[in-house]
2 protein chains.
Amino acid sequence: MATIQEVAKYAGVSVGSVSRYLNGHKLRPDNTKKIEEAIHALDYKENFFAKGLKSNETHSIGLLMNNMQSNFSASLVARIDDVLEKEGYTILLSNYRDDPNRIEQKIAFFKSRAVDGLIIVGAEQSWPQLECLKNCDIPVISIITPLDYSQTDSIIVDNRASTEKVISRMLSLSHERIGVIVAPQTDYVARERFLGILDAFETQNKLLSESNIYYGDYSKDSGKRGMAYLLSQEVSAVFVCNYNMSLGALQTIHEKQLVIGKDISFASYDYFDASDIFYPKLTVIKQPIKEIGTLAVERLLEKIRNKNQLQGQIFTLKNDVLWRDSIIKNPTKSE
Amino acid sequence: MATIQEVAKYAGVSVGSVSRYLNGHKLRPDNTKKIEEAIHALDYKENFFAKGLKSNETHSIGLLMNNMQSNFSASLVARIDDVLEKEGYTILLSNYRDDPNRIEQKIAFFKSRAVDGLIIVGAEQSWPQLECLKNCDIPVISIITPLDYSQTDSIIVDNRASTEKVISRMLSLSHERIGVIVAPQTDYVARERFLGILDAFETQNKLLSESNIYYGDYSKDSGKRGMAYLLSQEVSAVFVCNYNMSLGALQTIHEKQLVIGKDISFASYDYFDASDIFYPKLTVIKQPIKEIGTLAVERLLEKIRNKNQLQGQIFTLKNDVLWRDSIIKNPTKSE
DNA sequence: CTGTTAGCGCGTTCAG
DNA sequence: CTGAACGCGCTAACAG
């Protein structure tokens, strides 16, 4: 690898001139030309380490995912990569698998790699392991969950409002026994989505019976069990609060040979490839992944440029509801 | 950030001793103790750049994905991350979206970031943009497709044999009109899978009619059209060669209100979450993702330690076939 | 075993 | 506008 010194010697100028050339300063045309030739001839490439030693910048950001197994995760990573790439940045990726201890360790690890910023997906404010973000010297963006640290931006979606919409519609279609499979209420998004469900019932002055609520644990298996339980409660419509559990719920429905959009109405949170291959297609709440990714990167880079001086903000984006025929009017109710 | 010099001064020893301590050399117990205290008191952290300037190592590897939208991709990334993490390495991730030009550019980019090695997923030998791998100074592992460069390892699966198994079974179950949706034959995996199909027919002395082959383009939409076409050919069983096209095929099946495992037999290449939620579950060829990821990382690290001296090899892993009841005996044929 | 010191490649002073 | 020299933090080679 050619160094700046070699380029200088080859070009017959000083290293200072080469450095200035590389950093966009103007210098004598003949020198400029000689340097350009030298760089080309020697195939000079800047040295990442030497540069970083001075600038303390890597032009890379750390991306901490809570999991990697959903359409949401995969699309988000892809989007962030796309946007970042255009700015000459790259992703350091890691998956903390919903484990607060791992997240702490990974944050430290990324810092030791001198990332210029951090994007964290799905971290809970309540985790004590996040203390290290309190006085973090690099910019941090939280996605999915709001994090209340003075410098940290949060990008979230209207979990509550969008869930409310779907349940409202079910109620409007005369479903009186609506079953819901919810996630553990220890988590922010789980709570918000549940609140949206309650909002809908309240607005329409209806009551959600406790026996029509199944508390799952995010796993597909709990979705499966939940749906079996709810069917035993003779619900006519079901809403599932997350992707994995909806897979399990669908499995139960199919095993029992029930037909969605006929025997039962169904909707769930989170779009996935397969939501479109059923007939009818499934009604789902679709998060604006591209917008989330774009905004996250834009804000992060802005903070990097401002040396992390910007005050933390919360951005709330709107989900899309894909209305399909998996929800129908309750057939047991006539007008 | 405290430096090694400050630690040395605080501990009352020389920088050399501190450096040696940090690198695991033995030194006088009293000095060891003083240094440890100093490191703790000053909260010393090694400087990534200074270290790299000497060692030329980043303990990071570049991971180049062809896409990020399948279960396969997501699981592979997660696995590689897991295995790498234990060794103190991290992933630089990028997605070249099946674009040879982007791959070339990304390789250069990663090299400029001084990655210690490269894992490339799904690159085709025929791409001229891959020339840069010919005399690559860092280790390279190719996943999915074999790459014939002297230093490059390839980790592939038995596309051909596993496809052959599935088609053979369909033939054994008296299916005479088997439809297949295949991918463009410009790509390695597409060719292998197609060859597996042909193998099965040949072995059983049967003929695959050209009119029962649909050439898709990997897209879901082509799968949709392909299935509609094949149904018009009155096939009794269908095999789809990749994930996206199988989604489209399933959509058509459902739209036409056909029941898999009754009206039609179905199988496809690549496992996905939703393959399990149908009733019956879908027969799929499942790639050994974890083994692929583990082996890739192991070989890569081995090559890094050997300074890329190891001769390139091809490793072929075996797919798993998940046999489910989506394939049945051809009901129109009696014994 | 320990201390000293010369670079690694670059940016940024200075003095010219 | 240019060139020389220093220092970023660390390792390794050498001398003690």
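Every chain is numbered from 1 and lettered A, B, ... according to where its sequence line falls, protein lines coming before strand lines. Bear in mind the structure is a predicted one, so any value in this text is a computation, not a measurement.
- In this structure, a donor-acceptor pair under 3.5 Å is absent between the side chains of B/T58 and B/R113.
- We find that NZ of A/K9 is positioned 15 Å from C1' of D/dA4, with the value rounded to whole Å.
- Atom pair B/K34:NZ and C/dC1:P shows a separation of 16 Å (rounding to whole Å applied).
- Using a distance-only test at 3.5 Å, with no hydrogens or angles considered, no donor-acceptor pair links the side chain of B/Q311 to the main chain of B/Q151.
- With hydrogens and angles disregarded, a donor-acceptor distance shorter than 3.5 Å links the side chain of B/Q309 to the backbone of B/K307.
- Distance CG (B/L27) to P (D/dG16): 21 Å, rounded to an integer number of Å.
- Taking five base pairs at each end of the helix from C/dC1-D/dG16 to C/dG16-D/dC1, the local helix axes there meet at an angle of 50°, rounded to 10°.
- In this structure, a donor-acceptor pair under 3.5 Å is present between the side chains of B/Y218 and B/D187.
- When the side-chain nitrogen and oxygen atoms of A/N31 are compared with OP1 and OP2 of D/dT2, one or more of them lie within a distance under 4.0 Å.
- Atom NE2 in B/H25 sits about 12 Å away from atom P in C/dT2, given to the nearest Å.
- Phosphate proximity of C/dT2 to B/R28: present, with a side-chain N or O under 4.0 Å from OP1 or OP2.
- From A/T152, atom OG1 reaches atom CD of A/Q313 across 12.0 Å, with rounding to the nearest 0.5 Å.
- Counting non-hydrogen atoms under 4.0 angstrom, A/N56 reaches nothing in the nucleic acid.
- A donor atom on one side chain and an acceptor atom on the other are not found under 3.5 Å apart for B/Y188 and B/N159.
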Next on the checklist: Using side-chain hydrogen bond (donor to acceptor under 3.5 Å, both in side chains), reason through B/S94 and A/D81 one step at a time and then give a plain yes or no.
Outcome noted: CA-CA 6 Å; B/S94 209; A/D81 179 39; 3.2 Å; yes

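- The nearest whole Å value for the distance from the CZ atom in A/R20 to the P atom in C/dG11 is 11 Å.
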What nitrogen or oxygen pairs link the protein and nucleotides 8-10 of chain C at under 3.5 Å?
unit_1 : atom_1 : unit_2 : atom_2 : d
C/dC10 : OP1    : A/Y44  : OH     : 2.7
C/dC10 : OP1    : A/N47  : N      : 3.0
C/dC10 : OP2    : A/I4   : N      : 2.5

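- Look at A/S14 and you won't find any side-chain N or O under 4.0 angstrom from OP1 or OP2 of D/dT2.
- Comparing A/V18 and B/G12 by the nucleotide of DNA chain C that holds the closest heavy atom to each, the one mapping nearer the 5' end is B/G12.
- Between the side chains of A/T145 and A/E124, no donor-acceptor pair of N or O atoms lies under 3.5 Å.
- The backbone N or O of A/N101 lies less than 3.5 Å from a partner atom in the side chain of A/D99, making a donor-acceptor pair.
- Within the 4.0 angstrom heavy-atom criterion, base atoms lie near B/V15.
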